Amino acid sequence: MNEEMELSDFVRDIIKKDLAEGKNDGRVHTRFPPEPNGYLHIGHVKAFGLNFSLAEEFNGKCNLRFDDTNPAKEEDEYVEAIKRDIKWLGYDWEDRLYFASDYFAQLYEFALVLINAGKAYVDDLTADEIREYRGTLTEPGKESPYRNRTIVENLDLFQRMRDGEFENGSKVLRAKIDMSSPNINLRDPVMYRILHEHHHRTGDKWCIYPMYDWAHGQSDSIEGITHSTCSIEFKNHRPLYDWFLDELDIFHPQQIEFARFNMTYTVMSKRALVKLVEGGYVDGWDDPRMTSLAGLRRLGITPQAIRKFIEHIGVGLSLSTIQRSKFDHFIRDDLNKRVPRINCVLNPLKVVLSNYPEDQVEMMEFPNHPDDESKGVREVPFSGELFIDRDDFREEPPKKFWRLAPGREVRLRYGYLITCNEVVKDDDGEITEIRCTIDPDTRGGSAPDGRTVKGTLHWVSAPHALDVEIRLYDRLFNHPFPLDVKEGESFLDHLNPESLQVLARAKAEPSLKDAKPGDRFQFERVGYFCVDPDSRDDKLVFNRTISLRDSWAKIEKQQG
RNA sequence: UGGGGCGUCGUCAAGCGGUAAGACACAGGACUUUGGUUCCUGCAUUCGGAGGUUCGAAUCCUCCCGCCCCAGCCA
């Protein structure tokens, strides 16, 4: 497999062409412009991954710029969370951290230029009136009665808007373009609104705030951005983006739109994510079931897996819904290569080895990774009382069940071959333990006579086992398209009631004793797990990142 | 029904007039001290539909159909 494969898509084609033509003196400068009003989720990685990767690939730069033009929704908490998440993915804006609010003064000067050119005016219409005057999708709008105020009057009014003389909503500054344009964005768009609101960075210095359309292109221009990518819903805004830059006659970056993506069994809209958090359906923004980067991190997914996944879904203009299985593939693929193996029994079943010398303990050698010797080996204690998983024993084994059953011989991985001879039950008929005998000639797990067994089980020595808590996370929704709802339903109706199952009494091998939050392991034959920050010294908590592929489960399901 | 965008395997996605890459998923098989990994094999005579241009069309033209976005003083 070619790991260094060169990425190719229409955005990169545009840049290659620009470079070939010597545009922008050969510079490539991108930016990622999030609004600090929430946490980043996996969908955002497509956007910032693209921008930072473009800079890396074409020897350019990528800025991080917070688009903080609406003080009502923005907070420093989000600024910090967003920076943390981008860094976690391995991207670096170096010293180029900017805020649209850094440009408020400059933007104000630009507005004066447009007013002086007769291209912007102060409008006294109310929000409702502006909506009425705008027309509809099929009917043209009509001009505001304030549209032809003199330049002097506009200058005076705009100054007084800035000085705080007027109430919220009483006036706006609008661009004078074309009220009958088929593109509604060009029907005299609002450039500034009055908002007597405290801004997370500029405090109370301003009471007029620029709208996205007025701030964005000019901010790009100020930073010398050459290629300004954004999602496809801004396609209709590009004529406006271009209009402002052309009227101002300043450096003109190129806006390039691309499509977002959706993923099955999950929601990615900020609105939906907020609802999940605020409604208490999940435990905060970093709940491991969330597609927020904070959640994926806590689940144990690696940044490398996320990057690979994003690279593989491509960049285009069509809205796609990626199957969750594709993401799962990249999660497993990365973890498999990266993570050490360990033994952990999720649902313990006691196994007593009747012919194993009492009180004897042997240290068995386990490789930490079956395909990577450099990861070394470790010693694991073996004794006469063990735990195996309840799933690995059946009193009446179905067809194709290779694991332990009365009279059956199986291998304890890197231990011994054992045969089950007795099943012990309590008064309710519940199996409490099974009694087996070992073949003492099979230490390490292979028989000198060459006989083979089909089943190999993982195990933990009972007296040495660590008690750990396991949180089995599953998909948050049980519907592939949670947002597809019938009348009167909500996406919340598609919540999977079994998305979290806690196993409080799992048994892990002692090697895990010094594991720290964030450490990842493969529990052999089970799945990939990550130590949760909720862990305490006396009790480790593990989150299941993802299970191993399980072909036995498939067979069993087919058998009914 | 105004404007803009998109329609290629179940899902993503290459392709840009020369005769349908790749990935995931799925189905077989090999190997295996993880029913994991790995490795083979199979998986669109056909590109939303219908016409047309051409020696030749997923690629060009015409018409039609479907899906998405836009009427915030949100971004």
Side-chain angles (χ1 to χ4, degrees), chain A residues 5 8-9 13 33-35 37 67-70 72-74 123 125-127 130-132 134-141 168-174 180-187 189-195 208-209 211-213 215-216 230-239 257 259 261 264 270 309 312-330 332-333 336-337 341 343 367 369-371 400-403 411-415 417 444-446 452-458 522-527 547-556:
Chain A
M5 106 187 149
S8 174
D9 51 65
D13 288 346
E35 182 188 15
N37 68 344
D67 222 337
D68 54 351
T69 55
N70 185 356
K73 299 165 104 180
E74 297 148 6
D123 197 345
L125 253 29
T126 65
I130 285 180
R131 188 179 311 121
E132 281 166 32
R134 186 154 35 223
T136 67
L137 294 178
T138 52
E139 301 160 78
N168 287 0
S170 59
K171 283 179 171 45
V172 290
L173 182 73
R174 291 230 256 171
S180 60
S181 171
N183 181 342
I184 289 175
N185 295 119
L186 262 18
R187 318 239 266 227
V190 172
M191 296 164 63
Y192 275 97
R193 75 283 216 189
I194 299 170
L195 244 33
I208 56 171
Y209 290 91
M211 297 289 288
Y212 166 86
D213 284 307
H216 206 87
C230 60
S231 51
I232 207 165
E233 60 268 32
F234 291 103
K235 197 124 190 154
N236 295 335
H237 293 242
R238 177 145 49 114
E257 311 82 13
F261 71 96
T264 55
K270 195 168 282 176
F309 166 68
H312 275 78
I313 65 176
V315 181
L317 290 169
S318 49
L319 177 69
S320 55
T321 300
I322 312 294
Q323 291 179 327
R324 172 71 202 207
S325 59
K326 186 144 192 153
F327 188 31
D328 290 346
H329 165 78
F330 287 99
R332 291 195 181 100
D333 190 53
N336 175 47
K337 288 178 243 167
R341 316 283 128 130
N343 293 295
H369 191 112
D371 312 311
K400 290 187 180 168
F401 182 84
W402 304 343
R403 284 108 99 143
R411 169 166 44 234
L412 294 178
R413 193 156 208 240
Y414 296 112
L417 260 35
S446 46
T452 58
V453 293
K454 202 114 191 206
T456 299
L457 311 186
H458 59 106
Q522 183 199 89
F523 289 175
E524 294 223 37
R525 304 210 307 132
V526 180
S547 65
L548 250 32
R549 298 187 63 173
D550 186 351
S551 49
W552 162 241
K554 232 179 240 181
I555 294 168
E556 198 178 25

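Just so we're clear, the structure is a prediction, and the values are computed from it rather than from any experiment. Excluded from the calculations below are hydrogen atoms, water molecules and symmetry mates; all remaining heavy atoms, backbone and side chain alike, are included.
Within the 4.0 angstrom heavy-atom criterion, base atoms lie near A:Ile130. Residue A:Arg413 is in base contact, counting any heavy-atom pair closer than 4.0 Å across all strands shown. If you check every strand for non-hydrogen atoms under 4.0 Å, A:Pro34 touches nothing. Residue A:Asp67 is classed as a sugar-phosphate contact, given heavy-atom separations below 4.0 Å to backbone atoms only. Contact annotation for A:Ile322: backbone-only contact, meaning every heavy-atom pair under 4.0 Å involves sugar-phosphate atoms and none involves a base. Among the atoms of the strands shown, base atoms are found under 4.0 Å from some heavy atom of A:Arg403. A:Glu233 comes within contact range of the sugar-phosphate backbone alone, with a heavy-atom separation under 4.0 Å but no base atom that close. Counting any heavy atom pair closer than 4.0 Å across all strands shown, A:Ile555 reaches a base atom. In this structure, A:Leu186 reaches neither bases nor backbone, as no heavy-atom distance under 4.0 Å exists between it and the strands shown. Across all strands, A:Lys454 comes closer than 4.0 Å to no nucleic acid atom at all (heavy-atom distances). Base contact: A:Glu524 has a heavy atom under 4.0 Å from a base atom. Using a 4.0 Å heavy-atom criterion, one finds that A:His216 contacts no nucleic acid atom at all. Here A:Gln522 lies in heavy-atom contact (under 4.0 Å) with a base. Across all strands shown, A:Asp371 has heavy atoms under 4.0 Å from base atoms, whether or not it also approaches the sugar-phosphate.
Closest-nucleotide positions on RNA chain B for A:Ile194 and A:Gly316 were compared, and the one nearer the 5' end corresponds to A:Gly316.
Across the strands present, B:A50 finds its partner in B:U62; the criterion is a Watson-Crick or G-U wobble pair with both atom distances under 3.5 angstrom. Across every strand in view, B:A75 sits unpaired, with no contact that passes the Watson-Crick or G-U test at under 3.5 angstrom. As the counterpart of B:A57, no nucleotide is assigned, since no Watson-Crick or G-U wobble pattern has both distances under 3.5 Å. Base pairing of B:G2: its partner is B:C70, meeting the Watson-Crick or G-U wobble criterion (both donor-acceptor distances under 3.5 Å). As the counterpart of B:G17, no nucleotide is assigned, since no Watson-Crick or G-U wobble pattern has both distances under 3.5 Å. Nucleotide B:A25: unpaired (no Watson-Crick or G-U wobble partner with both distances less than 3.5 Å).
Between A:Arg238 and B:G4 there is no side-chain N or O to OP1 or OP2 distance below 4.0 Å. Between A:Arg324 and B:U11, a side-chain N or O to OP1/OP2 separation shorter than 4.0 Å is absent. Put simply, A:Lys554 has a side-chain N or O that comes within less than 4.0 Å of OP1 or OP2 on B:C26. Of the side-chain N and O atoms in A:Ser320, none sit less than 4.0 angstrom from OP1 or OP2 of B:U11. Between A:Arg134 and B:C73, a side-chain N or O to OP1/OP2 separation shorter than 4.0 Å is present. Residue A:Arg332 places none of its side-chain N or O atoms closer than 4.0 Å to OP1 or OP2 of B:U38.
Remark: side-chain polar atoms of A:Arg411 are paired, donor with acceptor, to backbone N or O of A:Gly445 under 3.5 angstrom. Formation of a donor-acceptor pair under 3.5 Å by the A:Arg193 side chain with backbone atoms of A:Gly169 is not found in this model. A:Thr264 places a side-chain N or O within donor-acceptor distance of the main-chain N or O of A:Arg324, the cut-off being under 3.5 Å.
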Assess whether side-chain contact (heavy atoms from CB on, under 4.5 Å) is satisfied between A:Asn183 and A:Arg238, documenting all intermediate values. CA-CA 10 Å; A:Asn183 181 342; A:Arg238 177 145 49 114; over 6 Å; no
For side-chain hydrogen bond (donor to acceptor under 3.5 Å, both in side chains), just list the numbers for A:Asn343 and A:His458, CA-CA rounded to whole Å, side-chain angles, deciding distance to a tenth of an Å, and then say yes or no. CA-CA 6 Å; A:Asn343 293 295; A:His458 59 106; 4.9 Å; no
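No hydrogens or angles were tested; on distance alone, nothing pairs the side chain of A:Glu139 with the base of B:G2 as donor and acceptor under 3.5 Å. If you check distances only, the side chain of A:Lys326 does reach the base of B:A23 with a donor-acceptor pair under 3.5 Å. For B:U34, its base sits under 3.5 Å from the side chain of A:Arg341 at one donor and acceptor pair at least.
If you take atom P in B:C6 and the same atom in B:U62, they sit 16 Å apart, rounded to whole Å.
For B:G29, the O4'-C1' to base torsion is more than 90° from 0; the nucleotide is therefore anti.
Between the NE2 atom of A:His237 and the C1' atom of B:A75 there is a distance of 9 Å, rounded to whole Å.
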